[in-house]
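Counting convention: from 1, in listed order, for ligands and their atoms alike. In what follows, every heavy atom counts, from backbone to side chain, and hydrogens, waters and symmetry copies are set aside.
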Amino acid sequence: MGTANDSSKDISDRLAEKHPKVVFVLGGPGSGKGTQCEKIVQHFGYTHLSAGDLLRAEKNSGSENGIMIQNMMNEGKIVPSEVTIKLLQKAMLDSGNEKFLIDGFPRNEENRAAFEALTKIEPEFVLYFNCPEKEMERRILNRNQGREDDNIETIRKRFKVFLESSLPVIEYYKGKGKVREIDAAKPVEEVFEEVKDIFNPKVPKDENVEGRCMCCAIL
Ligand SMILES: Nc1ncnc2c1ncn2[C@@H]1O[C@H](COP(=O)(O)OP(=O)(O)O)[C@@H](O)[C@H]1O
Ligand SMILES: Nc1ccn([C@@H]2O[C@H](COP(=O)(O)OP(=O)(O)O)[C@@H](O)[C@H]2O)c(=O)n1
Ligand SMILES: [Mg+2]
């Protein structure tokens, strides 16, 4: 467990000792990040860390940053990375796991660069749920999780922030060959079929005989 006196360097050093394996899960608001992460956890043993959920918990804990977080979220703005990264690092350290799905982070260039500089963690890959805006809007308006930011005015602001600030992060990782893009407009189970293939690549059935051992080749 971390203490209030942990410096960010201490936390980063202790986290590095765990050699965490990280997958960033990105996509617009309502694209299905949280829904798919729950399924990945069940099938592939990752721990799901939603940056939005961690920020909401921090806001509700009555922390000194609570009002700032609430104001930023209600405007659809991105909370300074210092706050979000500390929450993510603490959650990773407190977890008994070393495999993490980091959902909704990094959401802008500042998030990305600060996480990289502080943790030195490079993601294994970036899962990108690509979904048309109309479908994301429909899903959010039907989400019924009592979120203050799930109203049409804030939703429009969040879409704008996604296009202007989050898509460039996805482009950055595309340039590094790290993005696994998924058509997220399909029903949940169909999306998950594609997700499974990424976490669990299929061995082609008609693999050529030369690649096998002699007994398999004869059979
Ligand atoms: N593929 C899908 N098709 C239809 N509805 C979906 C799909 N994926 C998620 N949903 C629903 O859409 C809403 C937003 O999903 P959520 O996982 O919270 O998205 P995000 O975390 O990306 O904002 C939820 O009510 C969820 O049940
Ligand atoms: N890296 C992040 C992630 C979320 N957030 C804030 O939290 C809000 C909700 O994020 P979320 O990931 O829970 O939202 P969804 O994409 O799941 O709808 C965002 O609109 C931001 O205001 C942030 O500031 N920084
Ligand atoms: Mg979510």
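- Geometrically, ligand 1 and Gly30 share a nitrogen or oxygen pair separated by less than 3.5 Å.
- Nearest non-hydrogen protein atom to atom 27 (O) of ligand 1 is Thr35 OG1, 4.1 Å.
- Taking distance alone, with nitrogen or oxygen atoms compared against 3.5 Å, Asp103 stays at or beyond that limit from ligand 1.
- Where the criterion is an N or O separation shorter than 3.5 Å, residue side chain and backbone included, Ser31 meets it with respect to ligand 1.
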Legend entry - Chi angles and distances behind the salt bridge (Lys or Arg N to Asp or Glu O under 4.0 Å) call for Asp10, Arg14: CA-CA 6 Å; Asp10 285 343; Arg14 282 193 289 133; over 6 Å; no
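- Of all the listed residues (Glu110, Arg56, Lys59, Met73), Met73 holds the heavy atom that lies closest to atom 7 (O) of ligand 2.
- For ligand 2, the polar-atom distance check against Val79 finds a nitrogen or oxygen pair separated by under 3.5 Å.
- Remark: ligand 2 atoms within the under-4.0 Å shell around heavy atoms of Gly104 are 1 (N), 2 (C), 3 (C).
- By the 4.5 Å side-chain criterion applied to Ile, Leu, Val, Met, Phe, Trp and Tyr, Tyr46 is assigned to a cluster that also includes Val23, Val25, Ile40, Val41, Phe44, Leu101, Phe125, Leu127, Phe129, Ile182, Val191, Phe192, Val195, Ile198, Phe199.
- Using a cutoff of 4.0 Å between basic side-chain nitrogens and carboxylate oxygens, Arg112 and Glu116 are scored as salt-bridged.
- For ligand 1, the polar-atom distance check against Gln145 finds no nitrogen or oxygen pair separated by under 3.5 Å.
- Counting protein heavy atoms only, atom 3 (N) of ligand 1 is closest to Arg139 NH2, 3.3 Å.
- Side-chain contact of Thr154 with Glu75: a donor-acceptor pair under 3.5 Å is absent, judged by distance alone.
- In this structure, Arg147 is part of the shell of residues with a heavy atom less than 4.0 angstrom from ligand 2.
- Gly27 and Phe162 make their closest contact through C-CE1, 3.5 Å (heavy atoms, listed as atom of the first residue, atom of the second, distance).
- When atom types are taken as modelled, the side chain of Lys120 and the backbone of Ala117 share a donor-acceptor pair closer than 3.5 angstrom.
- A donor-acceptor pair is defined here as one N or O able to donate and one able to accept, closer than 3.5 Å; no such pair exists between the side chain of Lys178 and the backbone of Ile170.
- Between the side chain of Arg158 and the backbone N or O of Asp149 there is at least one donor-acceptor pair closer than 3.5 Å.
- By the 3.5 Å distance cut-off applied to N or O atoms, Asn111 is counted among the residues near ligand 2.
- The shortest side-chain heavy-atom distance between Ile78 and Met72 does not fall under the 4.5 Å cut-off.
- Considering backbone and side-chain atoms alike, Asp149 places every N or O at 3.5 Å or more from each N or O of ligand 2.
- Among Arg158, Arg147, Arg143, Glu190, the residue whose heavy atom lies nearest to atom 18 (O) of ligand 1 is Arg143.
- Residue, atom and distance of the protein heavy atom nearest to atom 25 (N) of ligand 2 are Ile78 CG2, 3.7 Å.
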Legend entry - Residues Thr47, Asn97; criterion side chain to side chain donor-acceptor pair (under 3.5 Å); working and verdict: CA-CA 7 Å; Thr47 292; Asn97 205 347; 3.0 Å; yes
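- The shortest N or O to N or O distance between Gly27 and ligand 2 is not under 3.5 Å.
- Between Lys186 and ligand 1 there is a heavy-atom distance shorter than 4.0 Å.
- Ser81 places no side-chain N or O within 3.5 Å of a backbone atom of Ala114 that could act as its donor or acceptor partner.
- In terms of protein heavy-atom proximity, atom 21 (O) of ligand 1 is closest to Gly34 N, 3.1 Å.
- For the ligand labelled ligand 1, residue Gly27 lies outside the 4.0 Å heavy-atom shell.
- In this structure, Val188 has a heavy atom closer than 4.0 Å to ligand 1.
- No N or O atom of Pro29 sits closer than 3.5 Å to an N or O atom of ligand 1.
- Looking at Phe115, Tyr128, Tyr172 one by one, the single match for ring pair (Phe, Tyr, Trp, His ring centres under 6.0 Å) with Phe24 turns out to be Phe115.
- Counting heavy atoms from C-beta outward, Lys86 and Asn65 have side chains that stay 4.5 Å or more apart.
- Atoms of ligand 2 found under 4.0 Å from any heavy atom of Arg158 (numbered from 1 in listed order, with element): 14 (O), 15 (P), 18 (O), 20 (O).
- Comparing heavy-atom distances from atom 19 (O) of ligand 1 across Gly32, Ala185, Cys37, Ala184 singles out Gly32 as nearest.
- Scanning all heavy atoms of the two residues, the minimum distance from Ala185 to Cys131 falls at CA-SG, 4.1 Å.
- Considering each of Met136, Lys77, Met72, the one bringing a non-hydrogen atom nearest atom 22 (O) of ligand 2 is Lys77.
- The contact set between ligand 2 and Leu55, taken as ligand atoms under 4.0 Å from a residue heavy atom, comprises 4 (C), 5 (N), 6 (C), 23 (C), 24 (O), 25 (N).
- The closest approach between a heavy atom of Arg143 and any atom of ligand 2 is below 4.0 Å.
- Within the 4.0 Å heavy-atom shell around ligand 1 one finds Gly28.
- Under the 3.5 Å distance criterion, the side-chain polar atoms of Arg107 are matched with a main-chain donor or acceptor of Gly104.
- Between the side chain of Gln36 and the backbone N or O of Val188, at least one donor-acceptor pair lies under 3.5 Å.
- Across Lys33, Gln70, Arg107, heavy-atom proximity to atom 11 (P) of ligand 2 is greatest for Arg107.
- Contacts between Ser50 and ligand 1, counted as non-hydrogen atom pairs separated by less than 4.0 Å, are absent for every part of the residue.
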